[in-house]
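Comments concern the structure below.
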Amino acid sequence: AFHDGLDIHALTASQVWDVPLDGMDPMVRRSAKAINFGIIYGISPFGLARQLGVAQGEAKAYIEAYFARYPGIKDYMERTKQEAHANGFVSTLYGRRIHLPGINEKNAAHRGFSERAAINAPIQGSAADIIKRAMIVMEAALAAESLQARMLLQVHDELIFEVPVEEAEATALLVRRVMENAAHLDVPLTVDTGIAGNWAEAH
């Protein structure tokens, strides 16, 4: 799906609930998006039900259908929890360790929180590693092209620059190239750029 440039949330909805991609109800896509993101946070049927405004039993059925369709995700979650219990930490793709001092606590609530963190940390942590790898090489890349852009801010997976108007298009091309090559994964990293007078308008 990522290689074909497909909408991952719409595709998830199509595959989990057997509905066509064409003319999909936006609420169905929204439900799939909530599950796609919620799963990596260890979302419960209660939490998903509250988020989607559906009955808890219905939310539970959504989660079960998701895992039935994507058993590899469930395997990843269980494997990651086992590694966290054994080692006391998990690692990002680049080897940065996230320590989980509560992973073996007797208190089930504290242990559950650490297990959810163990599942999520390699994903979010690797994303953080990738954006920082892009930032590290960005200044030299801009200088090599004699561009005057200044990197002002990082917000999650976004970088914000202040750029002379006449260099905006050239800077956008270079920034996209640097960010898309910050990591080489099994799926492509795709970057969207926006140019405007302020951050809100650039989206």
Side-chain angles (χ1 to χ4, degrees), residues 1-22 24 28-43 48 62-100 103 114-141 151 154-160 172-194 203:
F2 284 109
H3 281 287
D4 292 340
L6 298 177
D7 180 329
I8 196 69
H9 302 306
L11 186 70
T12 297
S14 177
Q15 292 182 342
V16 171
W17 294 303
D18 195 26
V19 294
L21 276 170
D22 291 337
M24 179 178 291
V28 174
R29 181 189 179 277
R30 178 175 167 264
S31 297
K33 184 176 180 179
I35 297 173
N36 274 337
F37 287 134
I39 288 294
I40 59 170
Y41 290 106
I43 200 165
L48 185 63
Y62 286 175
I63 293 171
E64 288 172 352
Y66 183 93
F67 283 136
R69 183 64 182 80
Y70 305 121
I73 294 176
K74 185 74 167 176
D75 293 344
Y76 160 78
M77 293 169 75
E78 293 305 317
R79 186 174 67 251
T80 303
K81 284 193 287 187
Q82 288 172 7
E83 289 173 4
H85 283 292
N87 301 324
F89 64 85
V90 291
S91 300
T92 69
L93 285 176
Y94 294 96
R96 187 163 51 88
R97 291 182 178 181
I98 298 95
H99 293 272
L100 303 155
I103 193 68
S114 292
E115 287 179 344
R116 289 189 295 276
I119 292 164
N120 181 253
I123 299 167
Q124 297 280 27
S126 295
D129 290 349
I130 290 168
I131 193 78
K132 287 170 179 63
R133 287 168 67 90
M135 292 169 72
I136 287 167
V137 299
M138 191 66 73
E139 190 171 354
M151 187 165 42
Q154 175 227 338
V155 184
H156 303 299
D157 60 351
E158 292 186 49
L159 295 178
I160 302 165
L173 286 172
L174 178 124
V175 166
R176 180 186 293 133
R177 187 173 74 242
V178 169
M179 291 179 74
E180 288 183 343
N181 287 285
H184 299 285
L185 310 174
D186 291 340
V187 294
L189 287 176
T190 58
V191 174
D192 297 320
T193 58
H203 281 79

Quiz item: Given Phe67 and Ile73, is the side chain to side chain contact (heavy atoms under 4.5 Å, CB included) satisfied, shown in steps?
Solution: CA-CA 7 Å; Phe67 283 136; Ile73 294 176; 4.1 Å; yes

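- Closest approach of Ala128 and Arg96 over heavy atoms only: CB-NH2, 4.0 Å.
- Side chain of His9 to backbone of Arg30: no donor-acceptor contact under 3.5 angstrom is found.
- By the salt bridge (Lys or Arg N to Asp or Glu O under 4.0 Å) test, Glu158 is found to be paired with no residue, residues two or more places apart in sequence or in another chain being considered.
- In this structure, the side chains of Asn87 and Ile103 stay at 4.5 Å or more apart for every pair of heavy atoms.
- Rounded to the nearest 0.5 angstrom, Arg116 CZ and Lys81 NZ are separated by 9.5 Å.
- Of the possible polar contacts, one joining the Gln154 side chain to the His156 backbone as a donor-acceptor pair under 3.5 Å is found.
- Minimum heavy-atom separation, Met24 to Ala10: CE-O, 3.2 Å.
- A side-chain donor from one of Arg176 and Thr193 sits under 3.5 Å from a side-chain acceptor of the other.
- Environment of CD in Glu180: crowded, with over 12 heavy atoms of neighbouring residues, nucleotides or ligands closer than 6.0 Å.
- Between Tyr66 and Asn36 the shortest heavy-atom distance is OH-OD1, 3.0 Å.
- Here the closest non-hydrogen pair linking Ala84 and Val90 is CB-CG1, 3.9 Å.
- Rounding to the nearest 0.5 Å places CD of Glu83 at 9.0 Å from CZ of Phe89.
- Distance alone, capped at 3.5 Å, places no donor-acceptor pair between the Thr92 side chain and the Gly125 backbone.
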Exercise. Just do the side chain to side chain contact (heavy atoms under 4.5 Å, CB included) check on Met179 and Asp157 with the steps written out, would you?
Key: CA-CA 10 Å; Met179 291 179 74; Asp157 60 351; over 6 Å; no

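- In this structure, CG on Asp75 lies 10.0 Å from OG1 on Thr80, to the nearest 0.5 angstrom.
- For the atom pair CZ (Arg29) and CD1 (Ile8), the distance works out to 10.5 Å, reported to the nearest 0.5 Å.
- Contacts of His203 classified as ring pair (Phe, Tyr, Trp, His ring centres under 6.0 Å), with partners at least two apart in sequence or in another chain: Trp199.
- Residues Tyr76 and Ile119 approach most closely at OH-O, 2.9 Å, considering heavy atoms.
- We find the CE-CD distance between Met151 and Glu139 to be 7.0 Å, quoted to the nearest 0.5 Å.
- The environment of CZ in Phe2 is sparse: at most 12 heavy-atom neighbours from other residues, nucleotides or ligands sit within 6.0 Å.
- Residues Trp17 and Arg69 form no side-chain contact, since every pair of their non-hydrogen atoms from C-beta on lies 4.5 Å or further apart.
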Quiz prompt | Steps toward side chain to side chain contact (heavy atoms under 4.5 Å, CB included) verdict (Leu185, Ile130) | solution = CA-CA 11 Å; Leu185 310 174; Ile130 290 168; 4.2 Å; yes

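- Contact between His3 and Val187 at its shortest, heavy atoms only, is NE2-CA, 4.0 Å.
- Going from atom CD1 of Ile136 over to atom CD1 of Ile131 covers 11.0 Å, rounded to the nearest 0.5 Å.
- Looking only at distances, a side-chain donor or acceptor of Arg133 sits under 3.5 Å from a matching main-chain atom of Ala182.
- The closest side-chain heavy-atom distance from Thr12 to Tyr70 is below 4.5 Å.
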Quiz item: Would Leu93 and Asp129 count as a side chain to side chain contact (heavy atoms under 4.5 Å, CB included) if you check the C-alpha gap in whole Å, the side-chain angles of each, and the deciding distance to 0.1 Å?
Solution: CA-CA 8 Å; Leu93 285 176; Asp129 290 349; 5.7 Å; no

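- Looking at Glu115 and His85, their side chains come closer than 4.5 Å, going by heavy atoms from C-beta outward.
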